[in-house]
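Encoded as structure tokens, the structure appears first; notes follow it.
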Amino acid sequence: MIHIGDLNPIQQRAVLFEKDRPLMILAGAGSGKTKVLTYRAAHLIKDEGVNPSSVLLLTFTNKAAGEMLSRVQTLLETNYSSPTGGTFHSFSVRILRKFGLAVGVPISFSVFDENDQIETIKRAMQVLGVDQKAMRPASILNSISDAKNNLIGEKEYASYAKGSFQETVAKVYTVYQNLLRQYSGLDFDDLLLKTVKLLKEDENTLNRVRELFPYVLVDEYQDTNKAQYELTKLLAIKSHHLTVVGDASQAIYSWRGADYKNLQYLKRDFPEIITINLEQNYRSSQNILMAANEVIEKNKNHPILRLWTNNEQGEKIAIFQAESEIDEAQYILKEVKGNSRKGVQLSDYAVLYRTNAQSRVVEEAFLHDGIPYILFGGTRFYERKEVKDILSYLRILVNPEDEVSRKRAEKIGKGRVKKLEESRTGIDLQSNSISILDQVLRITGYLDLYDTNNEEDMARIENIKELRSVATEFSDLSEFLQQITLTEKESRSGNTRSSVDERDAVTLMTLHSAKGLEFRRIFMVGMEEGLFPHSRALLSTEEMEEERRLCYVGMTRAKDKLYLSYALRRLYFGQRNSNPPSRFLADVPEELIEVKNKIRQTRHISEQWGFDENGNWKWSPDD
DNA sequence: TTCAGGTGTATTTTT
DNA sequence: TACACCTGAA
């Protein structure tokens, strides 16, 4: 038996719940959802005798997948092999490599990332003579991606298209798909789409895959899109061996096609599904939890778990009214420095903001005072120029049809591509990825482009070395290329900026990237109408609810202390604005708040703003 | 092939 | 304000 003594009774029930029945675990923030899911996987294997490789764990990020697998492994101890796990996308790649031919997917397809997609869209627009200034390729791609996420193919889209925009999209969509076929390329969305298509159309494969993975466990189910929903349904509808974990209140990716309603749809497709709610929170203080509850309660369109905790009441929520964005940053600085003397570490802090552009002011303040920080979300490793350059060489070797990569390679230098093509016959594509990579570097002389005395160039060379070390992990080149496009790597260069001890640093990131993480002390900055909630969400109830969920996610990251701040005047994209304080602030109950700035301590903030008796937004700063 | 200068655009970004 | 992208000239 696996040891479940450290779980609460409800968690235990979820872990031990009968294995042949579909189970939906609604798990609030900080309620131990990953713990429950990993324990359940371990329980199936160790106590129920399920073959480890028959257990399929699906998530959205490689990081989360990796962590789940290693946690299961720890629970199982050594004499068990690992369950199967990964992201929906990497799982799809594996299925398509093995069985994709049945729906016309070549084994060595290229995986097109967003950049490649845009390039292909541009090409399609060129073919059709669509003016790229009149219609932005990115917004066309958006519509196409949206359609794909909802399993709408180009023909079906064309039949629904209304108005000139959609009609153009429909045309581009068709040409785009033709180009992808020509290039032997699948974009991110196709990976899911084609896999669903394959399982729907080819019964042999469906049965085979069901045999291979009779037990399916999915984390963060509120983030699934239609394609992912269909995929899990296809896998589990017959066996009923499905466990999903999710929380509608933490759904913040609807703009990428995610639909928290999939949690409800599951009840329709699996009528015998049992729901277990995990509502005890182990992370936050009572005050933080109460405040977060009040904020999320305003949402009417989805179920809301009422979290509770045995933790201490804790400190009050600090609200700070800054004069400007610079003043706001100074406040953070002062607070961080003040507490560091009291034994609070820099790594206990995270500063969360709605938009990336907001990081700059905070960075400047930290930089000026020599406070080390880690900034999340720069250019991703596999999107760096030098990495993509080399990958484009490799991609044309594996898949000569890949015109997007060819174009990129030719931009580096036509001569180099020519040399590479001439040597093609001398390169054994069956040999190790790393040896092929080294041959490519030698043949193209790519490294000559960089000057070892130049600091920036050296960083690029470092990245290439990093890429080499990843290549050693894959023997098959085609598999290497397909998987790494779907993998985010921790990029070490250029992120930490300080000479001080690198391990202890404040974290700076967007609210979105904070999901799933926790910190002792959280600053949420820019709590202003138009910024957070963002101006784009102001007109739509749906989007406003998502902003509110985002606020909830941010607040529930904090264990001990939550700081909310806003600025009376803010310079944003070269414009000076005066935004009213965020409506979310007004939802935090008065008795949980301490107002940090001296100026307006006399008057309680909720008298200054909020909704008036007619439900209209009001704001009256007293100067 | 390279680079300077003009132009357009700026929400979030798991893969 | 800032920067990615495109264009055209050298």
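Numbers restart at 1 for each chain; the letters A, B, ... are given by sequence-line order, proteins then strands.
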[N] phosphate, OP1 or OP2: any side-chain N/O from [X] under 4.0 angstrom?
X	N	answer
A:Arg380	B:dT14	yes
A:Arg354	B:dT12	no
A:Thr355	B:dA10	no
A:Arg136	B:dA10	yes
A:Arg536	B:dT12	no

For [X], report the nucleic acid contact type (base, sugar-phosphate, nothing); a contact means any heavy atom under 4.0 Å.
X	value
A:Gly516	nothing
A:Asn62	sugar-phosphate
A:Tyr572	nothing
A:Asn356	sugar-phosphate
A:Ser513	sugar-phosphate

Exercise: do [X] and [Y] side chains pair donor with acceptor under 3.5 Å:
X	Y	result
A:Ser478	A:Arg97	yes
A:Arg395	A:Ser405	yes
A:Asp113	A:Thr485	no

**Asked** When you measure from the side chain of A:Asn150 to the backbone N and O of A:Ile152, does any donor-acceptor pair fall under 3.5 Å?
**Response**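 Checking the backbone N and O of A:Ile152 against the side chain of A:Asn150, no donor-acceptor pair under 3.5 Å is found.
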**Request:** Give a yes or no on whether the backbone of A:Val553 and the side-chain of A:Gln250 come within a donor-acceptor separation of less than 3.5 Å.
**Result:**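 No, because the side chain of A:Gln250 does not come within donor-acceptor range (under 3.5 Å) of the backbone of A:Val553.
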**Prompt:** Does some side-chain heavy atom of A:Asp187 sit less than 4.5 Å from a side-chain heavy atom of A:Tyr176?
**Reply:**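 Of all side-chain heavy-atom pairs linking A:Asp187 with A:Tyr176, at least one is under 4.5 Å.
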Out of [options], whichever nucleotide has its closest atom nearest the side chain of [X]:
X	options	answer
A:Ala258	B:dA10, C:dA2, B:dT14	B:dT14
A:Lys122	B:dA10, C:dC5, B:dT14	C:dC5
A:Phe60	B:dA10, B:dT14, B:dT13	B:dT14

Within this structure, what is the [atom1]-to-[atom2] distance between [X] and [N], rounded to whole angstrom?
X	N	atom1	atom2	answer
A:Phe573	C:dT1	CZ	C1'	9 Å
A:Leu231	B:dT15	CG	P	17 Å
A:Glu364	C:dA2	CD	C1'	12 Å
A:Asn142	B:dA10	CG	P	11 Å
A:Gln358	B:dT11	CD	C1'	10 Å
A:Glu114	B:dT13	CD	P	12 Å
A:Leu191	B:dT14	CG	P	16 Å
A:Lys63	B:dT13	NZ	P	14 Å

**Message:** By nearest heavy atom, map A:Lys414 and A:Thr487 onto DNA chain B; which one lands nearer the 5' end?
**Reply:**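 Per heavy-atom nearest nucleotide, the more 5' residue is A:Lys414.
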**Request:** Take A:Glu543 and A:Glu383, find for each the nucleotide of DNA chain B with the closest heavy atom, and name the residue whose nucleotide sits nearer the 5' end.
**Result:**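 Its nearest nucleotide being more 5', the pick is A:Glu543.
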**Asked** Looking at A:Glu323 and A:Arg569, does any basic side-chain N land under 4.0 Å from a carboxylate oxygen?
**Response**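 Here A:Glu323 pairs with A:Arg569 in a salt bridge, since their nearest N and O are under 4.0 Å apart.
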**Message:** With rounding to the closest Å, how many angstrom separate the C1' atoms on C:dC5 and B:dT12?
**Reply:**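 After rounding to an integer number of Å, I get 22 Å for this pair.
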**Message:** Could you tell me how far B:dT13 sits from C:dA4 if I compare only their P atoms? Round to whole Å.
**Reply:**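 Approximately 16 Å lies between the P atom of C:dA4 and that of B:dT13.
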**Message:** When you compare the ring of A:Trp255 with the six-membered ring of B:dT12's base, are the centres less than 5.5 Å apart and the planes under 30° from each other?
**Reply:**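 A:Trp255 ring centre within cut-off of B:dT12 base, planes near parallel; stacks.
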**Asked** Does the aromatic ring of A:His534 sit over the six-membered base ring of B:dT11, closer than 5.5 Å centre to centre and tilted less than 30°?
**Response**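 Stacked: ring centres under 5.5 Å, planes under 30°.
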**Item:** Distance-only donor-acceptor test (3.5 Å): side chain A:Arg256, base B:dT13
**Value:**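 Per atom types, the contact qualifies.
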**Nearest-nucleotide 5' precedence on DNA chain C, A:Asn115 against A:Gly574** =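 The 5'-side residue here is A:Gly574.
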